[in-house]
Structures are given as structure tokens and as C-alpha cells.
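Each remark here refers to the structure printed beneath this line.
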Amino acid sequence: MRISRGPSEGYVRSKVPKGFHLEIARKIQTALAGRVIEDDLISIDSVDLVTGIDVAYINRGSTEIGVSVASTYSISKSLIIEWSCWIGPIYFPYVPTLLSFRELKPVVNAYLRLRTKSQVILIDGHGRAHPYRLGIASHFGVCMHIPTIGVAKSLLYGRVDRVEGPILDISTDEVIGWAIQCAPSKPTYVSVGYGLSLRSAVDLVKRLCVGSQMPIPILHSHNMANNLKKRIIGKLMSKASINELDNECRISMSNYL
DNA sequence: GCGACAG
DNA sequence: ATCTTGTCGC
């Protein structure tokens, strides 16, 4: 049994940058959450191409660099058919419940560089399993109008009573996601991002988790992001050099088309 | 009162 | 998530 209530507003306020208006951010999240569709916009059985996106970070004093990768997996071919990357500066800190404000830009940029568009996007993080019902997966889905699923390794908000079972809202008992176990002793938390039912989301993620905590598309993006990161570490990070690194990564991803 | 807390 | 030494297991 595991319980999480999410961070207090006081804690969140203390972490947010000066000049950032939390009350406005909450209004945006609430408004966008109201536009989330939880029905199947596509038939889950017809899905073949699934994209997974992940972001790695490089920290050096005051400068922070984001390395994002999007990988598209073909279920019928059992292969990653394409991947893309983006490298750029990150300005917003990690604040629980506000992950979108930090990661949405790198996630979207990596996605937009894919040549072949897929039918479903898997994003590391939650979807509806969020105190304001708008985790990064839902934020991405509502903005891009593409079916998305949130896949996380730990809980941000909600209650889970069984190893495999529903993620319930602490106060309303509403089902906001589902916990599954694809890897021994390692939970995988699935929640609707946009344009899919929870049932379909869970089915698809289960199909893509081959004995690992995370599904293949996200796993591949995670590995690629870390590989790129290793090649970058050691180099300087001025404004111009960051842009150069981004151009280099664009070239390397083009070589795989 | 203290601590919880996606990546 | 990232940083980071030694340690355990295949």
C-alpha cells in the first residue's frame, strides 16, 4: 500500500522562480484539464507506431542543458523506426506539479523533429494522475491534440492499495490512473494523457513493457538521451556552443533516417 | 509540527 | 533527474 498527497502549496511557492505567478499557472492547468478527452479517439487495435519521449539534464553551476529524445517504435516490425533529438537551455527548475513548465518545451521540440508521425505518444511523467488533472502528458496532448499516455516510475498524487490496481484520488476516490508491475518489485504508473481511455492506455503500455519498468519507446529515448549526454560532457556550454551541439545532434539523428 | 514530492 | 565510491552478483 502506498499513499501520496502531493506537495503542499507552500512548498511549491518556495520553489517557484521570482516573477512566476502560481495562481495563473493553476488557472491554466485547470482550464486545460477541462479539455482533456478520455475516450478513444483511435482504435487501440489499429495502433502500430508509438513514440516515447524522455529528457536528460546536464548541470554546470548556473547553466542547465536539456537533452530530449523522441523514439518511434513499430509494433508490427518490433523495431525503432526513427528517433530525433533536441538540445537546448533549461530555465525553469523542477517543481512537483509544475513539470510541464520545465519539460514541455524540450519534449515538444524533440517530437516536432520526427519525420514520421505516430498514433500515440508516451511521455515520462503523469497524465491525469495529477492534483490539477494536468500532468505533462495531458498538457502535451491537449496542446498538440494527439493521443498521449503518462508513464511514471513513482507517484506524485493519489493512493494505491494494491501492487496492481487503480490510482485513486485521495479525497474523491476517483480513478485517475492504474498501477501495473512489468518488472519485479518495480511499479509502473499509467494514466490517461489525452484521447484514450484508461483501459486502452494500460493495454498499450503492458504490450510495450518487455520485462522492464518502462515501455520500449521511452526506454530507447532514455538510452539515446544519456548516450548523447555522455558525448557532450566535457565540452563548454556558452550560448553559441549549445546551439552548435544542437546542430550536431540534428545531423546525427538524420544519419538514421 | 514535520514531512510527503512526476523528472 | 543528477552527483557519486564502493560493493555485490552474474
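Order of the sequence lines sets the chain letters (A, B, ...), proteins ahead of strands, with each chain counted from 1.
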Side-chain donor-acceptor contacts of residues 176-190 of chain A below 3.5 Å, not counting sequence neighbours, with atom names and distances?
| from | atom 1 | to | atom 2 | distance (Å) |
| --- | --- | --- | --- | --- |
| A:Thr188 | OG1 | A:Gln213 | O | 2.5 |

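In this structure, A:Tyr189 places its OH atom 10 Å from P of B:dC5, rounding to the nearest Å. One can place CG of A:Leu104 at 13 Å from C1' of B:dG7, the figure rounded to the nearest angstrom. Protein atom CD1 of A:Ile3 is 18 Å distant from nucleotide atom C1' of B:dA6, rounded to whole Å. Distance, A:Arg5 CZ to B:dC5 C1': 12 Å, rounded to whole Å. In this structure, the CG atom of A:Leu156 is 6 Å from the P atom of B:dA6, given to the nearest Å. What separates CD of A:Glu64 from C1' of B:dG7 is a distance of 11 Å, to the nearest Å. If you measure from atom NZ of A:Lys15 to atom C1' of B:dA6, you get 14 Å, rounded to the nearest angstrom. The CD1 atom of A:Ile58 sits 19 Å away from the P atom of B:dG7 (whole-angstrom rounding).
Applying the 4.0 Å criterion to OP1 and OP2 of B:dC5, one finds that A:Ser8 has every side-chain N and O outside that range. Taking side-chain N and O atoms only, A:Lys153 has no distance below 4.0 Å to OP1 or OP2 of B:dA6.
For residues 128-141 of chain A, proximity to DNA chain B is found at A:His130, A:Gly135, A:Ile136, defined as any non-hydrogen atom under 4.0 angstrom from a strand atom.
Nucleic acid contact for A:Ile170: none, since no nucleic acid atom lies under 4.0 Å from a heavy atom of the residue. Within the 4.0 angstrom heavy-atom criterion, base atoms lie near A:Tyr11. Here A:Tyr57 lies in heavy-atom contact (under 4.0 Å) with sugar-phosphate atoms only.
One finds a salt bridge joining A:Arg128 and A:Glu38 here, because a Lys/Arg side-chain nitrogen approaches an Asp/Glu carboxylate oxygen to under 4.0 Å. The residues A:Asp246 and A:Arg250 are annotated as not salt-bridged, no charged nitrogen and carboxylate oxygen being separated by less than 4.0 angstrom. Ion pairing between a basic and an acidic side chain is recognised when a charged N comes within 4.0 Å of a carboxylate O; A:Glu82 and A:Lys117 show no such pairing. A salt bridge between A:Arg159 and A:Asp173 is present, with a side-chain N of the basic residue lying under 4.0 Å from a carboxylate O of the acidic one.
With no hydrogens or angles considered, no side-chain donor-acceptor pair links A:Tyr194 and A:His139 at under 3.5 Å. Side-chain contact, A:Thr72 with A:Ser118: no donor N or O sits under 3.5 Å from an acceptor N or O. Side chains of A:Arg26 and A:Thr97: a donor on one and an acceptor on the other come within 3.5 Å.
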Side chain to side chain contact (heavy atoms under 4.5 Å, CB included), that's the test. Do A:Leu168 and A:Glu174 meet it? Break it down for me.
CA-CA 5 Å; A:Leu168 305 170; A:Glu174 178 188 358; over 6 Å; no
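Along DNA chain C, the stretch of nucleotides lying under 4.0 Å from any heavy atom of chain A spans, 5' to 3', C:dA1 to C:dC3.
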